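Notes to accompany the following structure.
A quick note: this is a predicted structure, and the numbers were derived from the prediction, not measured. Heads up: numbering here begins at 1 and tracks the sequence.
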Amino acid sequence: MRFVKYVRPVAVPAVIISAVAPKELNISDSLSIKGVAKTVAANAMSYYSGTPEKFVDLPQPYYWWQAGALMGSMLDYSHYTGDHSYDKLIARGLLDQVGPDFDYMLPTHFGQEGNDDQAFWGMSVMAAAERNFPQPDPNVPGWLDMGANIFDSLAGRWNTTACQGGLLWQIFASNPNGLDYKNTVSNGGFFQIAARLARATGNKTYSDWAEKVWDWTEAIGMIDKFGNVYDGAHASKDCKDTNPVTFSYSASIYIYGAAVMADVTQDKKWTERTERMVEASRSFFSPFENATNIMYEHACEQVDKCNQDMRSFKAYFSRFVYAAARYVPSIKPAIEELWHTSVEAAAKTCTGGASGTQCSHKWYTGAFDGNPGLGQEMSALETIQGLLALDAEAPLKGGEIKTVRAFADQNAVKGDSETASGSAPSPTSESDSAAGSQTEAGTQTSGALRRRTVPVKGWW
């Protein structure tokens, strides 16, 4: 971490948003969208019992990775609506999980952590970096540095013993089934993080890796010529047994990564890849003739086989496709056609529970289906608040990225805000960067960022 100066935090006026019942949503009114998002965000956070002082795991049956995904949803909520009331909870949630090497390899969760789990935390960390989200702990690296550490960790597990490359689904022997499976969620998460680091830092190491992961995924047959993103294949079969199941979140992770690469490289191939995958993603809409353009998870939803993980997939699908439109505007008509209808359908299901605002899973029913849950709330939240995505400030890059210590609600008289360079290296100075691991496409990042020295909890 390279500290360059001290600046006083800019006073940010409090944003007051009135909660609105989802059934009252008006997608043409930004205040209505923000009000409904506030209601659904509160529903989602009701599943999380952490505080600004302590991270707490989600209750069963939710896994650790979904806590990282929830932090990503709430980072979007804060950024899109301007309501920063959850920011300290989000910061604590992210910072308490960094692990001893600041790469979200947390020993207490090794039993369930796979490459995809780490990548989901990584994508949330990158969102925090790109928005200068407050990082109040001076004993922990900045968000961008930790994004680079996560990249290093993933790159170090690139596996060429079978399938000519790729990441395995799992990391540890405690999950042996996943040690024979290379899936698109793990590899797509790695791809997207590499693309976002390439944009954030200007370092070609990351764009080279993004190209490499995409080329591998396509060559092995997990992305077809039409833009369909398949689930994975077995290493023991040399990845020749592609699992033809498709999930919305797998597609969207690659969609956003490709859109970011379109911005990084200005190469039309990435624009075309983004457009092709969005077009292929039409398969996740219109489950019935009378449910045109309504989103559903076609692998499981109609047959009632969606588990708790799968009930959250529409959240990431929406998150990343909305974000992709910033860099590939040609997909906006598809969003207006498909997502706007789905937003209204989702809101109509948010009428359950004692509050009359709980959301449910099957949006095509036009009503609460009696099946609430965290994934259902996150899916509705990201699909609704995503309408605001392009009105929010664009992801930062280069010298714009700083380590900000103060929260938006902290008055400037409470102290200076320590601001760092964000370790955004010059594109011509790889030796000064937080680039990748000692692999064929990277150099080792500084060990100075990798060890916690003094555990400090009292940031605020």
Side-chain angles (χ1 to χ4, degrees), residues 15-50 58-59 62 66-87 89-90 93 124 127 248-249 294-297 308 310-323 339-389 391-392:
V15 174
I16 300 175
I17 299 171
S18 299
V20 175
K23 65 182 179 182
E24 305 296 333
L25 176 65
N26 177 356
I27 68 169
S28 299
D29 181 352
S30 63
L31 288 178
S32 175
I33 296 167
K34 291 179 181 180
V36 170
K38 179 174 184 174
T39 298
V40 182
N43 289 346
M45 289 301 282
S46 71
Y47 289 86
Y48 177 66
S49 58
L58 293 169
Y62 305 108
Q66 203 161 340
L70 174 61
M71 297 304 150
S73 294
M74 296 307 296
L75 282 163
D76 283 354
Y77 173 77
S78 175
H79 189 62
Y80 296 160
T81 68
D83 178 3
H84 300 293
S85 57
Y86 295 100
D87 284 4
L89 278 170
I90 298 167
S124 295
S248 63
Y249 80 144
I294 294 177
M295 189 187 303
Y296 77 116
E297 198 63 45
Q308 294 294 349
M310 296 170 186
R311 291 171 192 163
S312 72
F313 287 177
K314 288 182 280 192
Y316 326 122
F317 187 29
S318 294
R319 177 195 301 178
F320 292 129
V321 174
Y322 280 126
W339 267 264
H340 288 193
T341 304
S342 294
V343 167
E344 294 179 323
K348 288 178 182 177
T349 74
C350 298
T351 58
S355 66
T357 63
Q358 279 189 333
C359 303
S360 56
H361 185 49
K362 296 180 179 179
W363 297 348
Y364 53 80
T365 64
F368 183 71
D369 64 14
N371 184 13
L374 174 59
Q376 292 87 317
E377 300 295 347
M378 291 170 62
S379 292
L381 176 62
E382 291 274 28
T383 304
I384 293 166
Q385 70 187 9
L387 293 170
L388 306 168
D391 294 326

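Between S124 atom OG and D76 atom CG the span is 8.5 Å, to the nearest 0.5 Å. Once rounded to the nearest 0.5 Å, the distance linking CG of L70 with CD1 of I90 reads 8.5 Å. Atom CG of L75 is separated from atom OH of Y80 by 10.0 Å, given to the nearest 0.5 angstrom. Note that OH of Y77 is 10.5 Å distant from CG of L388, once rounded to the nearest 0.5 Å. Considering CG of L387 and CG of L25, their distance stands at 7.5 Å, rounded to 0.5 Å. Atom CE of M74 and atom CG of D87 lie 9.0 Å apart (nearest 0.5 Å).
Considering only heavy atoms from C-beta on, F313 stays 4.5 Å or farther from F317 through its side chain. Taking 4.5 Å as the limit, every side-chain heavy atom of K348 sits out of range of all side-chain heavy atoms of T365. Contact annotation: the side chain of T349 never approaches that of Q376 to less than 4.5 Å [non-hydrogen atoms, C-beta and beyond].
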What side-chain donor-acceptor pairs closer than 3.5 Å can you find for residues 27-37, not counting sequence neighbours?
from : atom 1 : to  : atom 2 : distance (Å)
D29  : OD1    : L31 : N      : 3.0
S32  : OG     : N26 : N      : 2.9

Mind listing the side-chain donor-acceptor pairs of residues 354-362 below 3.5 Å, one per line with the distance, residues two or more places apart or on another chain?
from : atom 1 : to   : atom 2 : distance (Å)
S355 : OG     : T357 : N      : 3.2
S355 : OG     : T357 : OG1    : 2.7
T357 : OG1    : N43  : ND2    : 3.3
S360 : OG     : D369 : N      : 3.1
S360 : OG     : D369 : OD1    : 3.3
K362 : NZ     : D304 : OD1    : 2.5

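Side-chain polar atoms of S318 and Y322 form no donor-acceptor pair below 3.5 angstrom. Side-chain contact, S342 with W363: no donor N or O sits under 3.5 Å from an acceptor N or O.
Across all their heavy atoms, A380 and C350 have their closest contact at CB-SG, 4.1 Å. When every heavy atom of L58 is checked against every heavy atom of L374, the shortest pair comes out as CD1-CD2, 3.7 Å. Closest heavy-atom contact between T341 and I294: CG2-CG1, 4.1 Å. Contact between H84 and S78 at its shortest, heavy atoms only, is ND1-OG, 2.9 Å.
Each of Q66, Q385, E377, R319 was checked for a side chain to side chain donor-acceptor pair (under 3.5 Å) with S73, and the lone residue meeting it is R319.
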Exercise for the section: Using the side-chain contact (heavy atoms from CB on, under 4.5 Å) rule, take K38 and T81 through it: C-alpha gap first, then chi angles, then the decisive distance, then the call. Expected result: CA-CA 8 Å; K38 179 174 184 174; T81 68; over 6 Å; no
Problem - Verdict with reasoning, Y249 to E297, per side-chain contact (heavy atoms from CB on, under 4.5 Å) - result: CA-CA 9 Å; Y249 80 144; E297 198 63 45; 5.8 Å; no
Exercise for the section: Evaluate the criterion side chain to side chain donor-acceptor pair (under 3.5 Å) for residue pair R311 and S379; output intermediate values, then yes/no. Expected result: CA-CA 8 Å; R311 291 171 192 163; S379 292; over 6 Å; no
